[in-house]
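Below is a structure I'd like to ask you about.
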Amino acid sequence: MPLDPVAPNPLLLPWSGPFGLPPFAQIAPAHFGPALQEAMRQQIAELDAIGAATELPSFDNTVVPLDKAGALLYRIEAVLSNLTSSQTSPELQAVQRDTAALLAAHDSQVKMHPGVFARLDALHERRHALELAPEQLRLLERLHQDAVRAGARFDAEAQARYSSIMQQLAELTTRFAQNVLADESSYQLLLLGEADLAGLPGFVRAAAAQAAVERGLPAGSHVITLSRSLIVPFLTFSERRDLRETAWRAWNARGETGGETDNREVARQILVLRQAQAEAHGYACYADYALADTMAGSQKAVFDLLNEVWQRALPAAERERQALIAMMRSHGVAGEPEAWDWRYWSEKVRQARFSIEESELKPYFPLDRMVEAVFDCAQRLFGVRFEARPEVAAYHPDVKVYEVFDAQGRSAGVFLHDNFARQTKRSGAWMSDFNYQSRNRGLSDPSSSTTTTSPRARRASPRCCPLMTRARCSMSLAMACTACFLG
């Protein structure tokens with residue numbers, strides 16, 4: 001249905017609903033293009049005002065407004081990113097493809113803004129004489145480094161080439177991710193009868209039956225999808241080695257099955273462009289460029305650590321391999337363990353050695369009680385408390401909304417918990433935000449969307465320091481879910 005041309009765009013209006021969450025029910029994919037264009041226009045106007053200032057650059061008249069600039073764009077991009085990851089659709093994916101290069105070009109324009117960078121560069125040159133607080137100094141250095149790494153020091157011709165590279169990369173990486181999701185959501189391994197279900201405990205059978213229902217298959221059907229929360233337990237418990245191999249090969253072939261979703265040429269083009277990106281900055285390869293802005297700092301540091309771990313891990317891995325082979329032999333299975341055997345026989349070894357069977361433990365760890373335990377741990381560690389808000393609607397009925405209270409009992413943010421796999425949602429485990437705390441922008445309460453679909457993956461994304469909007473830090477999942485709510 002076409003949009004009403006005179007109706008206001010909900011992405012551009014103040015979000016006056018509970019906790020300042022996006023008005024999900026009012027947002028349509030067609031709203032994003034016009035809203036992003038307007039948000040980009042506003043940010044460039046903000047930067048033009050900074051760059052045109054006649055007074056000498058200072059932290060207050062350059063860094064502070066630069067840190068504030070683009071708040072509307074960030075807000076809209078956050079919604080688009082979350083929805084295309086957690087509740088996507090063909091229309092949203094089209095928006096994502098159509099705007100990828102546009103947003104990349106805008107980011108280059110922001111980072112390379114000549115007037116702003118001239119003022120930022122002048123401040124950076126005398127940063128140690130400015131008597132800045134540690135947080136202020138860190139923000140100045142971070143903004144300056146981001147600009148330099150985005151090509152702000154290049155001449156006009158080199159900047160144009162670099163911006164083109166970044167636009168192409170944005171388009172290709174978007175296509176890459178969408179191709180993987182397409183292969184994940186379209187694949188299904190149909191299990192026909194009890195022979196195909198052999199070894200699968202009740203919870204895996206129930207998940208496979210639900211996946212069949214979601215795909216419109218006849219009642220009583222069971223399918224294995226490439227969602228981590230389904231394929232991992234299937235590889236762990238299925239007695240059918242041939243089906244385990246089929247599922248494992250499908251999982252590892254995502255993005256290389258031929259046709260429109262094949263990623264091999266996409267990956268090649270990405271590598272070529274990343275090499276060009278690195279060379280533009282004077283690096284021999286992309287790894288050197290990427291690592292220069294990390295704690296590791298260099299390939300040598302990375303490989304030194306990996307080699308040290310490898311030498312220590314190899315004997316343990318060999319012991320595990322021998323244990324698997326022994327278990328296979330005890331069951332009359334010849335040959336070496338293949339990749340699709342590893343989880344299955346590891347579970348058999350665990351059962352034999354420790355009398356622990358995952359399927360028997362699972363009923364003692366229902367999701368609701370585990371969530372309660374995580375929240376209780378957060379309260380004990382950080383003093384924060386989570387209170388369910390079932391009356392608040394999110395972007396999908398599966399999502400549970402919690403209000404977060406700090407140690408003094410003050411409302412400090414909102415937490416969206418999305419636990420279940422869907423065809424419209426990328427697999428794995430991650431967390432993201434719709435907004436974050438920023439004293440500079442006057443945002444006291446953050447809102448985050450955390451997705452945990454993998455039964456084992458527990459990786460947190462970088463979150464923002466509450467003092468400034470772009471001072472980044474990495475935290476464990478427990479801290480990322482709680483510490484950033486603290487003022």
Side-chain angles (χ1 to χ4, degrees), residues 3-43 45-46 65 67-89 91-92 95-96 99 103 106 386-406 410-418 424-425 431-451 461 463-464 466 468-470 480-481 484-487:
L3 296 178
D4 182 348
V6 299
N9 189 323
L11 291 169
L12 296 175
L13 296 175
W15 294 347
S16 57
F19 308 110
L21 285 171
F24 297 110
Q26 302 172 30
I27 297 172
H31 286 128
F32 280 100
L36 288 169
Q37 290 281 6
E38 173 60 19
M40 288 188 285
R41 186 198 65 78
Q42 289 188 21
Q43 186 175 19
E46 292 167 337
D67 187 52
K68 287 182 178 180
L72 177 61
L73 179 60
Y74 178 89
R75 187 179 76 166
I76 298 170
E77 282 191 282
V79 179
L80 179 61
S81 176
N82 275 280
L83 292 181
T84 52
S85 296
S86 300
Q87 183 62 4
T88 195
S89 66
E91 294 78 14
L92 278 172
V95 171
Q96 193 178 27
T99 59
L103 289 168
H106 175 77
F386 294 77
E387 187 172 320
R389 290 287 181 259
E391 72 280 6
V392 179
Y395 52 85
H396 189 277
D398 285 348
V399 181
K400 292 188 175 182
V401 179
Y402 296 87
E403 185 175 3
V404 186
F405 296 88
D406 64 17
R410 299 170 301 192
S411 181
V414 61
F415 174 69
L416 279 64
H417 206 191
D418 186 355
T424 56
K425 175 180 170 185
M431 63 174 294
S432 53
D433 56 61
F434 288 107
N435 220 333
Y436 52 80
Q437 185 184 70
S438 169
R439 295 175 185 172
N440 190 24
R441 288 182 177 172
L443 299 172
S444 59
D445 297 339
S447 57
S448 73
S449 169
T450 294
T451 302
S461 301
R463 293 300 308 275
C464 301
M468 290 293 181
T469 63
R470 295 189 177 93
C481 289
C484 284
F485 295 123
L486 304 179

Sole candidate of Val404, Asn435, Leu21 that passes side-chain contact (heavy atoms from CB on, under 4.5 Å) when paired with Val414 = Leu21
Glu403: partners by salt bridge (charged side-chain N to carboxylate O under 4.0 Å, His left out), with sequence neighbours left out | Arg389
Restricting to pairs with a member in residues 25-39, which pass salt bridge (charged side-chain N to carboxylate O under 4.0 Å, His left out), not counting sequence neighbours?
-> Glu38-Arg41
Note, Ile76 side chain near Leu12 side chain (heavy atom, < 4.5 Å) = yes
Does some side-chain heavy atom of Leu73 sit less than 4.5 Å from a side-chain heavy atom of Gln42?
-> no
Determine yes or no for a side-chain-to-main-chain donor-acceptor pair under 3.5 angstrom, with Arg75 supplying the side chain and Leu11 the backbone.
-> yes
Listed by chain and number, what are the ring-ring contact (aromatic ring centres under 6.0 Å, His included) partners of Phe24, not counting sequence neighbours?
-> Tyr395, Phe434
pair His106-Gln43: side-chain heavy atoms closer than 4.5 Å = yes
Considering residues at least two apart in sequence or located in another chain, which fulfil the side-chain contact (heavy atoms from CB on, under 4.5 Å) criterion with Pro23?
-> Pro10, Trp15, Gln26, Ile27
Would you say the side chain of Phe32 lies within less than 4.5 Å of the side chain of Thr84, judging by non-hydrogen atoms?
-> no
Applying side-chain contact (heavy atoms from CB on, under 4.5 Å) to Thr424 and not counting sequence neighbours gives Gln87, Thr88, Arg422
At what distance, to the nearest 0.5 angstrom, does CG of Leu13 lie from NE2 of His31?
-> 9.0 Å
For Pro65, does its backbone N or O pair with a side-chain atom of Glu46 as donor and acceptor, under 3.5 Å?
-> no
Nearest 0.5 Å please: distance from the CG atom of Leu92 over to the CG atom of Leu83.
-> 6.0 Å
How far apart are the closest heavy atoms of Ser86 and Lys425, and which atoms are they?
-> O-CB, 3.4 Å
Rounding to 0.5 Å, atoms CG (Leu103) and CD (Glu77) come to a distance of 4.5 Å
Can you name the side-chain contact (heavy atoms from CB on, under 4.5 Å) partners of Ala394, sequence neighbours left out?
-> Val399, Val401, Leu416
